[in-house]
Each structure stands twice: as structure tokens, then as C-alpha cells.
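Beneath this line is the structure, given in C-alpha cells, with notes to follow.
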Amino acid sequence: MPLPEPGGGILIFAYFCEMPINYDAYEVVIGLEVHAQLLTRTKLFCGDSAAFGGEPNTHVSPITLGLPGALPRLNKKAVEYAIRMGLACHSEISRMNYFARKNYFYPDLPKGYQISQHTTPIVIGGWISIRTAEGQRNVQLNRIHIEEDAGKSIHDIDPAYTSVDLNRAGVPLIEIVTEPDLHSAEEAFAFLTELRKILRYLEVCDGNMEEGSMRCDANISVRLKGETKLGTKVEVKNLNSIRNVRRAIEHEAVRLIDLVSAGRPVQQETRSFDASNGTTFSLRSKEEANDYRYFADPDLPPFQVSDELLESIRASLPALPEELVERYTKQLLLPEYDARVICDDKDTVDYFEELTKHTRNYKAAANWVLGPVKSALNEKGLELVQFPVRPATLAALMLLVEEGKLSFSIAAERIFPALLQEPSKNPLDIAASLNLIQSSDTSEINSWIEQALAGMPDKVTEYKKGKKGLIGLFVGEVKKLSKGKADPKLTNQLLLEKLEN
Ligand code: ADP
Ligand code: MG
């Protein structure tokens, strides 16, 4: 560093004492755009399979390929799914709709345009409720519209060429667009988790971000707190998990505040997330506005949503997570924690609901589902729908515990694993064949008690002198001698009778 000129002291002071950045002075603003692939059997405008994967270029009729003369026809199921989502998000459903052509050139877009809803999204406004450490809040949606997916360009098969697979071209999507209404990476994480839960509850989309059936772009800007004008945003793409959305926003928020606080301008641009190091890099600047030359697709007549259609979809909506949590806590009297964990996914809800058809012991049912059932699923890497022990069988096992024929620990640690091996067997038969049915036979228990007390005369003397806490030791010994079969309540009672007399 050159020596300072005389009088340069202030500059040097500024150089060494750079003001720390006050991140708290800034507000982060985030809007998300989420594409969700609809679980229809066929594509949006033709009968080609909409299934993920498949031999490349096998789900491709002339309509998918956009051959001259091919005419699209709207898939009604896709419209129903979009409406279902809209109703679940408390949105307004637009009655008159049309599709527009969004023109651009790309190798995986055979027609040279994408069919989308331009100015008439089928779903307008609405909100999704989220929970974070700061409490509960409704995140406002801007719109949900229907559009077709493009094909897939594959760059890593051939070193010299890009390969194109058009199986995905024309698969129906909904795009869920939020208002710039999220304010932290944590909120975006909570929003996407909730959104995915709702998509899955409604069976509208499988929500699998790794396979690309749910894709998210995050728009981020920062501004000084109190400022009403939005800052310039950047858009981050290639976010293939909810966790990566959170990481990208955390990184971008700091990067943008560093820029703005240094008085440097933010470029409006599209960036890509690098999951290997949690940073982002610029893909393209968004200076020049795209000209998509939108116009109403002349091959598709406008479509109207009738009262009948709307009401029939409304009537078929399943109960949503928030509603179920309320029912489980208020009617079944479950602790809120249990209710929320059960409602985290639809499969668990279905299993639990089925279980409650066979037992009224709801808290025990929740304990079984969240305890032994979940651990067995994790251990074996199974999904609940393939879980061998069905709710009716589990209820039969629970009944044995209620009736005092089995202790909970014997049921959970011995019978339940045996049932996993042979799920068609009756729990009572298994317990009998393993000789584990709890004994309520007074004389049998008394003989274990005598054996136990005979083994520790000193302790018995101590007990009689007043060390009443030793009762636990005696009960434990009887449990051991009986291999867990002695009914603990009865054991306790018989022990007291014996020791006090
Ligand atoms: P574009 O035309 O660039 O796609 P839109 O107005 O359609 O922009 O908004 C796309 C998404 O970006 C929406 O989710 C919206 O909430 C969000 N968004 C718009 N402006 C901002 C901003 N300044 N900061 C953060 N998010 C924003
Ligand atoms: Mg956009």
C-alpha cells in the first residue's frame, strides 16, 4: 500500500474501519413461481401418456409433435385439477378462460410455441397458510394458470450433439405464482412444504422435486425497511429441492444486501443455483424484454367453467391438513403435536383414519402410528401404502394391550416385529405361540413373587424397615422371572399384600 499523502488520514480511517453492514436494516422480498405437473393419465391436448420417463420419444402423437393439421383438444381432468387447487387455496375461479400461444424457438418445443393461459389464469388470488417460528400467516397468491410442459433437452448423452426427448412435451402443468409476499428463506421453505402437502392431499401432483414434477423459481429482491417501492429482483433457477430453495435465498439475500449497502446497482437477471457450494451464478441478463407475441390459440375454443362443474369439484374436495389438525385436536383430543405430525402426509392420515375405525383409543392409535409404525417404515425403507401390518391387525394388537393380555412393551417389541414377518397372522395367536400372554393368574404370579423375594432377603428386611422405594426392584425382578408375562398391576398389588403382612 502506498504511503498516505499528507492529509489522507480520513481516507485511511475509512479504509480500516469499514462500516459493518447492518443486515437488519434491510427487508428481503421473495416471490415464488412453482410449476406442478398434474397427475392426469394423458397430456393436456391429446391422448398421449403423461407418465414420467418411458422409452424416449414414445409418447408422441402428431399433436405432441405439432405436425401440420394436428388439432389439440383440452383435457378436462387438467382443468378440474387446477380448480381443485384453486378452491383449496381460497382463490377465485375464473369462469371464462382461453389459451394463448406463447411463441419462442427452442429445440424441445416442437410447435414453436407453448400453449399457456396468458391474461386469463383460471385461478385468481387466494392464499396458503404457513407456520414458522414467528407464528402463522397467510401468504398471498397472485394466480394459478394451466400450461403445457416442453420436452427435455439432454446434453450428456452425446458429446457432440444435444438429444431431445419429447415424452414430456404437452404434459399438463399448473403454475402457482405468489405475490412478492415472502420475507425470508425460512418462510419460503415453509410455504413450499405446505404447498407440496396440499398438492399431494388433493392428488393433483406427486410433488416430487427430484424428478422434476414440482419445480420452483425464486424471485428475490431487497430494500431498506420502511421503503415501499420494490427493489430490483433476480430470479434463481435450477432449484431441485425445497432445502435448496432455502439455501439459494439465504445466499442471494446476503449477496444483494452487500451490493445495495455498498451503493452498487442490482442487475435484473436470471441466476442458477450451484448445490455443490450453495452459491449462485449469472445465467443471463434480463435487460431485453422477451417478445412472445401472445395471441389466443385459434385451434382451441374458449372454455367456460359451469356452476355444476364448480360445485361438483367443491363437493369432492378431501379434508385438508389444517381442517384435520383441528378435528384431531378438538374431537379426538390428540395433542397438537401428534395431530400435526400425522397430518404431515396424506398416507399417514389415511392409515390413521382407517385405524380409528377399529379403535376408540385415539391417543394410543397415534402413539402406535408415530412410534413403532414409523420406525419400522424408516428401518425397512417402506412407504405406508405398502406397509404389511394393516390398520385392522394393528387394532387387534392394541386391543390385547387394552385388555391387559399384553404389556405395551411386549406388544411393541415382540409381537409387532413378528407381525411384520407374518402379517396375515392373528396377534393373539402369535402371542400365544410365543408364550407371551400376560398372566393374571394369582397363584402363578405369587409363585414368581416368592421366588423373587427369596432371592433377596436383605432387601426385604430393608423394605420392612421403611425403605418403601424398593417395591420397584421387586416388581422388576418378578417381571424378569416371568419374562414379562406377569401383569404389572396385579404384581404390584400382590407384592404389597405379601410385604405388608
Ligand atoms: P416476470 O414478468 O419477470 O416474470 P412477474 O411480475 O410475473 O415478473 O413476477 C414473477 C414473480 O416474481 C412473482 O412471484 C412475483 O411475486 C415476483 N416478484 C416480482 N417482483 C418482485 C420483486 N421486486 N422482488 C421479489 N419478487 C418479485
Ligand atoms: Mg415469470
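Both ligands and their constituent atoms are indexed starting at 1 by order of listing. Heavy-atom basis, side chains included; hydrogens, waters and symmetry copies ignored.
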Taking distance alone, with no angle check, do Thr178 and ligand 1 share an N/O pair under 3.5 Å? yes
Between Glu203 and Arg84, does at least one N-O distance fall below 4.0 Å, as a salt bridge requires? no
Between Lys152 and Asp108 (salt bridge meaning N to carboxylate O under 4.0 Å), is one present in this structure? no
Geometric N/O contact Ile30 with ligand 1, under 3.5 angstrom: no
Please list, one pair per line, the donor and acceptor atoms closer than 3.5 Å that link side chains of residues 248-255 to other protein atoms, with sequence neighbours excluded.
residue : atom : partner : partner atom : Å
Glu252  : OE1  : Arg255  : NE           : 3.4
Glu252  : OE1  : Thr280  : OG1          : 2.5
Glu252  : OE2  : Arg255  : NE           : 3.0
Glu252  : OE2  : Arg255  : NH2          : 2.7

Identify which of Ala218, Ser221, Gly31 has a heavy atom lying nearest to atom 22 (C) of ligand 1. Ser221
Under 4.0 Å, heavy-atom basis, I'd like to know which part of Leu32 is in contact with ligand 1: side chain, backbone, both or neither. backbone
Pull out every atom of ligand 1 sitting under 4.0 Å from any heavy atom of Val177, numbered as shown with elements. 13 (C), 14 (O)
Going by an N to O cut-off under 4.0 Å, is there a salt bridge joining Arg264 and Asp258? no
Among Gln268, Glu235, Lys233, the residue with a heavy atom nearest to atom 3 (O) of ligand 1 is Lys233
Looking only at distances, please establish whether an N/O atom of ligand 1 is found under 3.5 Å from an N/O atom of Gly231. yes
Set out, in order, the CA-CA distance, both residues' side-chain angles and the distance that settles ring pair (Phe, Tyr, Trp, His ring centres under 6.0 Å) for Tyr113 and Tyr292, then state yes or no. CA-CA 9 Å; Tyr113 57 85; Tyr292 292 121; over 10 Å; no
Heavy atom under 4.0 Å from ligand 1: found in Asn219's side chain, backbone, both, or neither? both
Name of the residue among Lys233, Arg223, Glu179, Glu227 meeting side-chain contact (heavy atoms from CB on, under 4.5 Å) with Val29: Arg223
Which pairs count as salt bridge (Lys or Arg N to Asp or Glu O under 4.0 Å) when at least one residue sits in residues 378-388, sequence neighbours excluded? none
Can you sort out which atoms of ligand 1 are near Pro180, meaning under 4.0 Å from one of its heavy atoms? 16 (O), 26 (N), 27 (C)
Honestly, for Glu179 the part within reach of ligand 1 (heavy atoms, under 4.0 Å) is backbone
